[in-house]
Amino acid sequence: MATRFWLFKSDPDEFGLSHLMKCPEQTTLWDGVRNYQARNYMREMKSGDGVLFYHSQTKPPAVVAIAKVVREAYPDPTQFDPLSKYHDAKSSRDEPRWSVVDIRLESALDRAVTLPEMREEPALTDMELLRKGSRLSIQPVRSAEWKRIRAMGRRQAPKA
DNA sequence: GCCAACGTTGGC
DNA sequence: GCCAACGTTGGC
(Lines give C-alpha, C1' and ligand atoms only; values in the text may rest on other atoms or scores of the structure.)
Protein backbone atom coordinates (compact mmCIF):
# COMPACT_ATOMS: atom_id res chain seq x y z
CA MET A 1 0.00 0.00 0.00
CA ALA A 2 1.22 3.47 -0.82
CA THR A 3 2.52 5.71 1.92
CA ARG A 4 -0.13 8.01 3.23
CA PHE A 5 0.12 11.40 4.81
CA TRP A 6 -1.46 12.95 7.87
CA LEU A 7 -1.57 16.13 9.88
CA PHE A 8 -1.32 16.01 13.67
CA LYS A 9 -2.42 19.04 15.64
CA SER A 10 -0.64 19.78 18.86
CA ASP A 11 -1.00 22.53 21.39
CA PRO A 12 2.58 23.54 22.10
CA ASP A 13 1.61 24.60 25.62
CA GLU A 14 0.84 20.99 26.30
CA PHE A 15 3.01 19.03 23.92
CA GLY A 16 4.74 20.74 21.04
CA LEU A 17 7.79 20.32 18.89
CA SER A 18 10.14 21.24 21.72
CA HIS A 19 8.71 18.37 23.77
CA LEU A 20 8.98 15.93 20.90
CA MET A 21 12.62 16.87 20.38
CA LYS A 22 13.40 15.93 23.97
CA CYS A 23 11.77 12.51 23.81
CA PRO A 24 14.03 9.46 23.66
CA GLU A 25 14.77 8.86 19.99
CA GLN A 26 12.50 11.83 19.38
CA THR A 27 9.66 9.36 19.43
CA THR A 28 6.38 9.53 21.32
CA LEU A 29 3.04 7.86 21.53
CA TRP A 30 0.19 10.13 20.48
CA ASP A 31 -2.05 9.65 23.48
CA GLY A 32 -5.17 11.40 24.64
CA VAL A 33 -7.10 11.39 21.37
CA ARG A 34 -10.77 11.10 22.34
CA ASN A 35 -12.49 11.65 19.07
CA TYR A 36 -13.70 8.68 17.08
CA GLN A 37 -12.88 9.99 13.66
CA ALA A 38 -9.35 10.89 14.68
CA ARG A 39 -9.00 7.51 16.33
CA ASN A 40 -10.17 5.76 13.19
CA TYR A 41 -7.59 7.58 11.15
CA MET A 42 -4.88 6.43 13.56
CA ARG A 43 -6.06 2.86 13.12
CA GLU A 44 -5.59 3.24 9.36
CA MET A 45 -2.01 4.41 9.67
CA LYS A 46 0.93 2.30 8.57
CA SER A 47 4.52 2.47 9.66
CA GLY A 48 6.32 4.90 7.42
CA ASP A 49 3.34 7.17 6.84
CA GLY A 50 4.26 10.85 6.81
CA VAL A 51 3.12 13.31 9.46
CA LEU A 52 2.87 17.08 9.31
CA PHE A 53 3.38 18.32 12.85
CA TYR A 54 1.14 21.33 13.40
CA HIS A 55 1.00 23.84 16.24
CA SER A 56 -2.46 25.16 17.02
CA GLN A 57 -3.24 28.02 19.40
CA THR A 58 -0.10 29.85 18.32
CA LYS A 59 0.11 33.20 16.58
CA PRO A 60 0.00 32.25 13.87
CA PRO A 61 -0.76 28.54 13.88
CA ALA A 62 1.68 26.66 11.65
CA VAL A 63 3.10 23.39 10.42
CA VAL A 64 6.49 23.26 12.10
CA ALA A 65 7.97 19.82 11.49
CA ILE A 66 7.89 16.54 9.66
CA ALA A 67 7.49 13.25 11.49
CA LYS A 68 6.60 9.72 10.60
CA VAL A 69 4.58 6.86 11.98
CA VAL A 70 6.90 4.28 13.50
CA ARG A 71 4.43 2.05 15.32
CA GLU A 72 0.93 1.22 14.21
CA ALA A 73 -2.17 1.53 16.37
CA TYR A 74 -2.27 -0.05 19.83
CA PRO A 75 -4.38 0.67 22.91
CA ASP A 76 -3.89 4.08 24.50
CA PRO A 77 -2.57 3.30 27.99
CA THR A 78 -3.99 6.49 29.47
CA GLN A 79 -7.55 5.26 29.04
CA PHE A 80 -6.91 2.64 31.75
CA ASP A 81 -5.19 4.99 34.18
CA PRO A 82 -7.56 6.41 36.77
CA LEU A 83 -5.07 9.16 37.51
CA SER A 84 -4.84 10.31 33.93
CA LYS A 85 -7.00 13.12 32.67
CA TYR A 86 -7.60 10.89 29.69
CA HIS A 87 -8.96 8.06 31.81
CA ASP A 88 -12.08 6.45 30.34
CA ALA A 89 -14.04 4.36 32.81
CA LYS A 90 -16.16 2.96 30.01
CA SER A 91 -13.22 1.43 28.20
CA SER A 92 -12.02 -2.08 28.99
CA ARG A 93 -8.76 -3.88 28.35
CA ASP A 94 -10.68 -6.54 26.44
CA GLU A 95 -12.17 -3.97 24.14
CA PRO A 96 -10.09 -0.83 24.33
CA ARG A 97 -11.92 2.14 23.01
CA TRP A 98 -8.96 4.41 22.24
CA SER A 99 -5.79 3.91 20.26
CA VAL A 100 -2.42 5.55 19.83
CA VAL A 101 0.33 5.37 17.27
CA ASP A 102 3.99 6.21 17.80
CA ILE A 103 5.53 8.96 15.75
CA ARG A 104 9.17 9.93 15.39
CA LEU A 105 10.44 13.36 14.52
CA GLU A 106 12.11 13.47 11.15
CA SER A 107 13.07 17.12 10.99
CA ALA A 108 11.88 20.55 11.86
CA LEU A 109 11.00 22.57 8.79
CA ASP A 110 13.54 25.22 7.86
CA ARG A 111 10.73 27.68 8.31
CA ALA A 112 7.25 27.26 9.74
CA VAL A 113 4.44 27.18 7.20
CA THR A 114 1.74 29.34 8.70
CA LEU A 115 -1.99 28.96 8.43
CA PRO A 116 -2.47 32.30 6.62
CA GLU A 117 0.19 31.29 4.10
CA MET A 118 -1.55 28.02 3.53
CA ARG A 119 -4.85 29.80 2.97
CA GLU A 120 -3.24 31.83 0.22
CA GLU A 121 -1.76 28.84 -1.51
CA PRO A 122 -3.93 27.71 -4.43
CA ALA A 123 -2.63 24.14 -4.29
CA LEU A 124 -3.98 23.77 -0.77
CA THR A 125 -7.52 25.08 -1.12
CA ASP A 126 -9.10 21.69 -0.53
CA MET A 127 -7.20 20.89 2.65
CA GLU A 128 -9.28 19.71 5.57
CA LEU A 129 -7.33 22.02 7.85
CA LEU A 130 -8.54 25.08 5.95
CA ARG A 131 -12.20 24.21 6.09
CA LYS A 132 -14.26 26.48 8.26
CA GLY A 133 -14.84 24.95 11.65
CA SER A 134 -12.34 22.17 11.06
CA ARG A 135 -11.44 20.92 14.51
CA LEU A 136 -10.28 17.39 13.85
CA SER A 137 -6.94 16.87 15.56
CA ILE A 138 -5.80 14.23 13.11
CA GLN A 139 -6.49 14.67 9.44
CA PRO A 140 -5.55 12.97 6.20
CA VAL A 141 -3.38 15.00 3.84
CA ARG A 142 -3.17 14.49 0.09
CA SER A 143 0.14 13.64 -1.47
CA ALA A 144 0.20 16.88 -3.48
CA GLU A 145 -0.54 18.90 -0.34
CA TRP A 146 2.23 17.12 1.51
CA LYS A 147 4.72 17.93 -1.21
CA ARG A 148 3.62 21.51 -1.44
CA ILE A 149 3.87 22.16 2.28
CA ARG A 150 7.29 20.55 2.46
CA ALA A 151 8.43 22.79 -0.38
CA MET A 152 7.01 25.85 1.36
CA GLY A 153 8.89 24.85 4.49
CA ARG A 154 12.29 24.92 2.85
CA ARG A 155 14.58 27.78 3.61
CA GLN A 156 13.28 30.03 0.92
CA ALA A 157 9.57 30.26 0.41
CA PRO A 158 9.07 29.40 -3.25
CA LYS A 159 6.82 31.48 -5.45
CA ALA A 160 3.27 30.30 -5.45
C1' DG B 1 -11.72 36.92 25.57
C1' DC B 2 -15.15 35.95 22.06
C1' DC B 3 -17.72 32.94 19.56
C1' DA B 4 -18.75 29.66 15.62
C1' DA B 5 -18.52 24.98 14.71
C1' DC B 6 -18.72 20.63 16.19
C1' DG B 7 -19.21 16.23 19.10
C1' DT B 8 -21.40 14.17 22.98
C1' DT B 9 -24.84 13.51 26.42
C1' DG B 10 -29.14 12.62 28.24
C1' DG B 11 -34.19 13.47 28.74
C1' DC B 12 -38.14 12.33 26.55
C1' DG C 1 -34.22 8.10 17.73
C1' DC C 2 -34.71 13.05 18.14
C1' DC C 3 -32.79 17.16 19.57
C1' DA C 4 -31.69 20.74 23.13
C1' DA C 5 -28.17 21.62 26.20
C1' DC C 6 -23.65 21.51 27.16
C1' DG C 7 -18.56 21.30 26.78
C1' DT C 8 -14.57 21.80 23.86
C1' DT C 9 -11.71 23.35 20.10
C1' DG C 10 -9.22 26.73 18.00
C1' DG C 11 -8.97 30.84 14.91
C1' DC C 12 -9.35 35.50 15.39
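Convention: sequence-line order gives letters A, B, ...; per-chain numbering from 1.
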Exercise for the section: Under the ring pair (Phe, Tyr, Trp, His ring centres under 6.0 Å) rule, collect the residues that match up with A:His19, sequence neighbours excluded. Expected result: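 In terms of ring pair (Phe, Tyr, Trp, His ring centres under 6.0 Å), with neighbours along the sequence ignored, A:His19 is linked to A:Phe15.
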Fill in the blank from the handout: With sequence neighbours left out, the residues meeting ring pair (Phe, Tyr, Trp, His ring centres under 6.0 Å) with A:Phe80 are none
Fill in the blank from the handout: Connected to A:Tyr74, directly or through other members, by ILVMFWY side-chain contacts below 4.5 Å are A:Leu29, A:Val100
Handout entry: Listed once per pair and sorted, the salt bridge (Lys or Arg N to Asp or Glu O under 4.0 Å) pairs that draw on residues 123-138 of chain A, sequence neighbours left out
Key = A:Glu128-A:Arg131
Exercise for the section: Name all pairs fulfilling the salt bridge (Lys or Arg N to Asp or Glu O under 4.0 Å) condition that reach into residues 25-40 of chain A, sequence neighbours left out, sorted by first residue then second. Expected result: A:Glu25-A:Arg104, A:Arg34-A:Asp76
Exercise for the section: For DNA chain C, determine which residues of residues 77-92 of chain A have any heavy atom closer than 4.0 angstrom to one of its atoms, and list them numerically. Expected result: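 Those residues: none at all.
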Problem - Partner set under side-chain hydrogen bond (donor to acceptor under 3.5 Å, both in side chains) for A:Tyr86, not counting sequence neighbours - result: A:Glu14
Exercise for the section: Encode nucleotides 7-12 of chain C as B, S and - characters from 5' to 3', where the letter depends on protein heavy atoms closer than 4.0 Å: B to the base, S only to sugar-phosphate, - to neither. Expected result: BBBBSS
Cut-off 3.5 Å, no hydrogens considered: what does the side-chain donor-acceptor table look like for residues 56-68 of chain A, sequence neighbours left out?
from, atom 1, to, atom 2, distance (Å)
A:Ser56, OG, A:Ser10, O, 3.4
A:Thr58, OG1, A:His55, O, 3.4
A:Thr58, OG1, A:Pro60, O, 2.9

